[in-house]
Amino acid sequence: METIEAFAPAKVNLTLHVTGQREDGYHLLDSLVMFADVGDRISLRRADKSSLTVTGPMGQGVPTGPENLVLRAVDLMGEAADITLEKHLPAAAGIGGGSSDAAAVLSALRDLTGKPVPDQGLSLGADVPVCLAGKAAIMRGIGEDVAPVDGLPELHCVLVNPGVAVPTGAVFKGLARKDNPAMDSLPAQPDFAALITWLQRQRNDLERPAIAAQPVIGEVLQEIAATDGCRMARMSGSGATCFGLYATEAQAKAAAGRLQRDGWWVAATRLS
Ligand SMILES: C[C@@](CO)(OP(=O)(O)O)[C@H](O)COP(=O)(O)OP(=O)(O)OC[C@H]1O[C@@H](n2ccc(N)nc2=O)[C@H](O)[C@@H]1O
Ligand SMILES: Nc1ncnc2c1ncn2[C@@H]1O[C@H](COP(=O)(O)OP(=O)(O)O)[C@@H](O)[C@H]1O
């Protein structure tokens, strides 16, 4: 049977405004999301019974049982498959590793079988619909409302994770306010300078509670901001991964070199 190779890119929340809370406890978001050119790699083959092998430099500690989001994605599609998941992204890191893996599997099985993806995969996680869209988008609701955004410039970026896992639910619980202002409207077809100017006026509302839980995130942000050419530094998702944005690839690569520390995961990448 045919083996399919799929790429599951890191998701970066360039902004993350928490604008309210539903009765079931989930929070309403307003977030500009882009995708990196670093990510996990998946190979998948339909089978009579599902199996999963996890490999790769960041594979340690990733669940290999039915709780892994790739197996839950196969189940959701009513299929069975042998999967090898090569982990390059840190888990529980605010860059959607598990959600992006799940979305890659959903999309591969949708293409292979012609079956639709139930509810855009929302039942697997609030980040799955935007990962399934797989391109720059504004995400609203709890994550189910995804509006693709065209005309953004590619961004040179450094991602830094200090090796501490931050549980998403706990960070949301630490928010002082749930009803923060939404994003300003995004300028149409912004160039790099205009996008940076706009981004600097927006926020990640989860940064403060994440830093309270893991103060090292504050250090990471300061260290990124101090690198040559850094135009802005912010945390992605519920952390602990933070990003820096640069005008050139050379600056992003030089910054990645300077940010290497024992136990830190650092990647120079391009966001689109
Ligand atoms: C915060 C975000 C921003 O993109 O990213 P990550 O930090 O996970 O990467 C996402 O909304 C996370 O998406 P995902 O990681 O798929 O979340 P889920 O598994 O659905 O939810 C984990 C927990 O986060 C909280 N949660 C999540 C999403 C949301 N809109 N409101 C919430 O309150 C809930 O407590 C939930 O139990
Ligand atoms: N394929 C997967 N890759 C990474 N983590 C996974 C996967 N499947 C399930 N998990 C579990 O999901 C949790 C959140 O992981 P992840 O989606 O990477 O984080 P985040 O939502 O912060 O971006 C982890 O703690 C891990 O135990």
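Whatever order the structure lists them in is the order used to number ligands and atoms, beginning at 1.
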Between Leu69 and ligand 2, find which residue part has any heavy-atom pair under 4.0 Å and reply side chain, backbone, both or neither.
both
Under-4.0 Å heavy-atom contact with ligand 2, by part of Lys87 that carries it:
side chain
Ligand 1-proximal atoms of Leu29, by part, heavy-atom distance under 4.0 Å
side chain
Is ligand 1 under 4.0 Å from a heavy atom in the side chain of Asp127, in the backbone, in both, or in neither?
both
Heavy-atom nearest neighbour in the protein, as seen from atom 25 (C) of ligand 1, with distance rounded to 0.1 Å:
Phe172 CD1, 3.5 Å
Within a reach of under 6.0 Å around CZ of Arg22, are more than 12 heavy atoms found that belong to other residues, nucleotides or ligands?
yes
If you round to the nearest 0.5 Å, how far is NZ of Lys135 from CG of Leu152?
11.5 Å
Could you tell me whether Lys173 approaches ligand 1 through its side chain, its backbone, both or neither, with non-hydrogen atoms closer than 4.0 Å?
neither
Heavy atom of protein inside 4.0 Å of atom 8 (N) of ligand 2, strictly below
yes
Show me which atoms of ligand 2 lie under 4.0 Å from any heavy atom of Ser99.
17 (O)
Which bit of Pro63 gets closer than 4.0 Å to ligand 2, counting heavy atoms only: side chain, backbone, both or neither?
side chain
Measuring from the heavy atoms of Gly237, does anything fall under 4.0 Å of ligand 2?
no
Contact check, side chains of Leu14 and Leu155, non-hydrogen atoms, under 4.5 Å
yes
Closest approach of any protein heavy atom to atom 31 (N) of ligand 1, naming residue and atom
His27 N, 2.9 Å
Exam field: side chain Asn13 to backbone Val33, donor-acceptor pair closer than 3.5 Å:
no
Among Gly121, Gly125, Ser100, Ala10, the residue with a heavy atom nearest to atom 19 (O) of ligand 1 is Gly125
I need the nearest protein heavy-atom contact for atom 15 (O) of ligand 2: residue, atom name and distance, please.
Ala92 N, 3.3 Å
Could you pull out, from Gly169, Ala93, Gly97, the option with a heavy atom nearest to atom 35 (O) of ligand 1?
Gly169
Please classify the Lys11 to ligand 1 contact at 4.0 Å (heavy-atom distances, strictly less than): side chain, backbone, both or neither.
side chain
For Ile95, take its heavy atoms, then give the atoms of ligand 2 lying under 4.0 Å from any of them.
23 (O)
Determine whether the side chain, the backbone, both or neither of Ser99 has a heavy atom under 4.0 Å from any heavy atom of ligand 1.
side chain
If you have a sec, work out which protein heavy atom is nearest atom 18 (P) of ligand 1 and how many Å separate them, to one decimal?
Ala126 N, 3.8 Å
Considering only heavy atoms, does Leu85 approach ligand 2 within less than 4.0 Å through its side chain, its backbone, both, or neither?
side chain
So is Met139 close enough to ligand 1, meaning a heavy atom under 4.0 angstrom away?
yes
For Ala91, the ligand 2 atoms whose distance to one of its heavy atoms is below 4.0 Å:
4 (C), 5 (N), 18 (O)
Scan the protein's non-hydrogen atoms and note whether one is under 4.0 Å from atom 4 (C) of ligand 2.
yes
Within a distance under 4.0 Å of any heavy atom of Gly94, pick out the atoms of ligand 2 and give their elements.
20 (P), 22 (O), 23 (O)
Contact check, Gly96 vs ligand 1, heavy-atom distance below 4.0 Å
yes
If we ignore hydrogens and angles and just use 3.5 Å, is the side chain of Asp37 paired with the main-chain N or O of Thr269 as donor and acceptor?
no
Testing the 3.5 Å rule here: is there a donor-acceptor pair between the side chains of Gln202 and Asp184?
yes
Are any of the N or O atoms of Gly239 closer than 3.5 Å to those of ligand 1?
no
Min side-chain heavy-atom separation Asp101-Lys87 under 4.5 Å
yes
Distance under 4.0 Å to a non-hydrogen atom of Gly96: what atoms of ligand 2 satisfy this?
23 (O)
Nearest neighbour of atom 12 (C) of ligand 1 from the list Thr168, Thr241, Ile95, on a heavy-atom basis
Thr168
To which protein heavy atom is atom 21 (O) of ligand 1 closest, and what is the distance rounded to 0.1 Å?
Tyr26 OH, 3.8 Å
